[in-house]
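Keep in mind that the numbers below use all heavy atoms, side chains included, and drop hydrogens, waters and symmetry copies. Chain letters run A, B, ... following the sequence lines, proteins first, then strands; residues in each count from 1. None of these values were measured; they are calculated from a predicted model.
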There are 2 protein chains.
Amino acid sequence: MPASKSTRMESTTNTRSQILDIAQDLIQRNGVNAMSYADISKAVGIRKASIHYYFPSKEDLVIDLLDRYNEQFYCLLDEIMASPESPKVKLNNYFGLFEETLSSGEQDKACLCGILTAELKTLSTPIVERVTKFYRHNEEYLEQILQSGLETGDFAFAGNPQTMARLIFSLMEGDLLIARADGGVARIQSTIQQMMALIKS
Amino acid sequence: MPASKSTRMESTTNTRSQILDIAQDLIQRNGVNAMSYADISKAVGIRKASIHYYFPSKEDLVIDLLDRYNEQFYCLLDEIMASPESPKVKLNNYFGLFEETLSSGEQDKACLCGILTAELKTLSTPIVERVTKFYRHNEEYLEQILQSGLETGDFAFAGNPQTMARLIFSLMEGDLLIARADGGVARIQSTIQQMMALIKS
DNA sequence: TTTAGTCTATCTACTAGTAGGTAATTAAGA
DNA sequence: TCTTAATTACCTACTAGTAGATAGACTAAA
């Protein structure tokens, strides 16, 4: 691999990430099984065979997409965790990630992993592993926020932070999916507010 | 429609409902877009073209399936509502419907409408209407249970019963989807328990 | 410095298989 | 004999994926 990138390499990177962008958009809207190379081809403006040049199989594409998506999401999570804000604000910022997903674009995008969850039984092991890793990561971070919130007195609730973290994650994934179909951004906002009210001390 | 059913009619009815059974099973496992007439054909043991005799198009099939599913679900909901039990027990029985879905069969089935929610942007208006009707119905019933629970003192929570009903419904749909992939029946059980703890007085 | 070879990114043209759907036909019961 | 329920045989459109060609940029040797 060369030390310095040529202009050629840059255009490659652009096409590659453009394909990933479009694929992610299509999956978040319609699901993996309703997304085809032909769709991507049309949207990117290259021929179908050229997509196979970058991603030999559809599975390769989805794996690379999930790796990119997870990395990006974990970065946002780390930013929230590293901030000097109170647990209450941190949790609100976490909720914001989900609200932003629905607010973006045509307001019809769900969480990438949320959509894949519904189609999980049609997906290969490497993909399933990455989706479940996403759950675990989210739930661990949430648990940390909840734990420190209990300590600072920001939060007060029955049960343990782990179970509560799982509940909150399930809630956000479910509400994002449903709000997209019925209620929109207003619904997810009021759900977030309600959830905060339930655990605030 | 004849008043008395012939043996032929019975076999018709059987095949028809068998097709619906298999289709429902396949959708709850894999989603609509991963379910084909060929799959149903194999499972039922009739030719692909014979399915078109009962359901001219795939859309017809899904519509009829949703009408049957919703009717059945609303019956179960009515049973719960009509029972002389306390609001707390009623809510627990409502939660039981979701737990049973995951517990049944190979423990890999999600809520039919939950799965369709993820694929909603690929579905026609008549189908979308039926799915959103399912949400509304559930949320209305939940709201009633919560309202009467507040009155009896079974429940105590901040916010209004409507927002709480939506939150609980989103939670159950989300948790059913995720538990199927990670945590199984144990996860949904602990989520239910935790939710009960959050609103119990 | 020219030239020959190599690499990248793309194309056209194709494959085998599957999708939903249709037309014509047949077996059997009322 | 009419109706019902099923069949066979087919169609068109689309699926993921492959083969081979090519234009242009890079590289190394004559």
Side-chain angles (χ1 to χ4, degrees), chain A residues 1-23 26-27 29-65 116 119 121-124 126-127, chain B residues 1-24 26-27 29-65 116 119 122-124 126-127:
Chain A
M1 199 170 281
S4 66
K5 286 177 181 176
S6 66
T7 37
R8 194 169 28 73
M9 274 301 287
E10 277 185 328
S11 93
T12 296
T13 305
N14 283 345
T15 308
R16 201 191 142 85
S17 65
Q18 227 185 311
I19 293 169
L20 288 174
D21 289 345
I22 295 290
L26 287 168
I27 296 177
R29 273 182 231 280
N30 306 325
V32 231
N33 293 321
M35 182 269 293
S36 74
Y37 271 40
D39 295 331
I40 300 172
S41 159
K42 256 179 261 171
V44 177
I46 56 170
R47 292 304 163 132
K48 200 165 63 73
S50 307
I51 304 170
H52 284 283
Y53 171 76
Y54 294 98
F55 308 100
S57 77
K58 197 176 173 180
E59 199 196 332
D60 294 323
L61 196 163
V62 176
I63 287 176
D64 283 13
L65 181 56
L116 292 182
E119 301 176 295
K121 299 287 162 182
T122 71
L123 304 172
S124 67
I127 295 174
Chain B
M1 199 173 283
S4 67
K5 287 176 179 176
S6 66
T7 37
R8 193 170 28 74
M9 274 300 288
E10 276 184 328
S11 94
T12 297
T13 305
N14 283 343
T15 306
R16 201 191 142 85
S17 64
Q18 228 185 311
I19 293 169
L20 288 174
D21 290 344
I22 296 289
Q24 184 175 331
L26 287 168
I27 297 176
R29 273 183 230 280
N30 306 325
V32 231
N33 292 321
M35 182 270 292
S36 73
Y37 271 41
D39 296 331
I40 300 172
S41 160
K42 257 179 259 171
V44 177
I46 56 170
R47 293 301 163 136
K48 202 164 62 75
S50 307
I51 304 169
H52 284 283
Y53 171 74
Y54 294 99
F55 307 99
S57 77
K58 197 177 174 180
E59 199 196 333
D60 295 324
L61 197 162
V62 176
I63 288 175
D64 283 13
L65 181 56
L116 292 181
E119 302 177 293
T122 70
L123 304 172
S124 67
I127 295 173

Nearest whole angstrom, please: distance from the P of dT4(D) to the CG of Asn14(B). 17 Å
How close do Tyr37(B) and Lys58(B) get, counting heavy atoms only, and between which atoms? OH-N, 3.2 Å
Looking only at dC11(C), dT7(D), dT10(C), the nucleotide nearest the Ala49(B) side chain is dT7(D)
OP1 or OP2 of dT18(D) under 4.0 Å from side-chain N/O of Tyr53(A): no
All heavy atoms of Leu61(A) vs all of Ile19(A), minimum pair found to be CD1-CG2, 4.2 Å
Which letters describe nucleotides 11-16 of chain D, given B = protein heavy atom under 4.0 Å from base, S = only from sugar-phosphate, - = neither? ----SB
Mind calculating the distance between CG (Asp60(B)) and P (dG21(C)) to the nearest angstrom? 8 Å
Please name the pair of heavy atoms, one in Glu119(A) and one in Glu119(B), separated by the smallest distance, quoted to 0.1 Å. OE2-OE2, 4.2 Å
Tell me, with the steps shown, if Ile27(B) and Met35(B) meet side chain to side chain contact (heavy atoms under 4.5 Å, CB included). CA-CA 6 Å; Ile27(B) 297 176; Met35(B) 182 270 292; 3.5 Å; yes
Rounded to the nearest 0.5 Å, what's the gap from CG on Leu26(A) to CG on Asp39(A)? Could you check? 5.5 Å
Can you name the nearest heavy-atom pair linking Ile63(B) to Ile127(B), along with the distance? CG1-CG1, 3.8 Å
d(CG, Asn33(A); P, dG20(C)) in whole Å: 12 Å
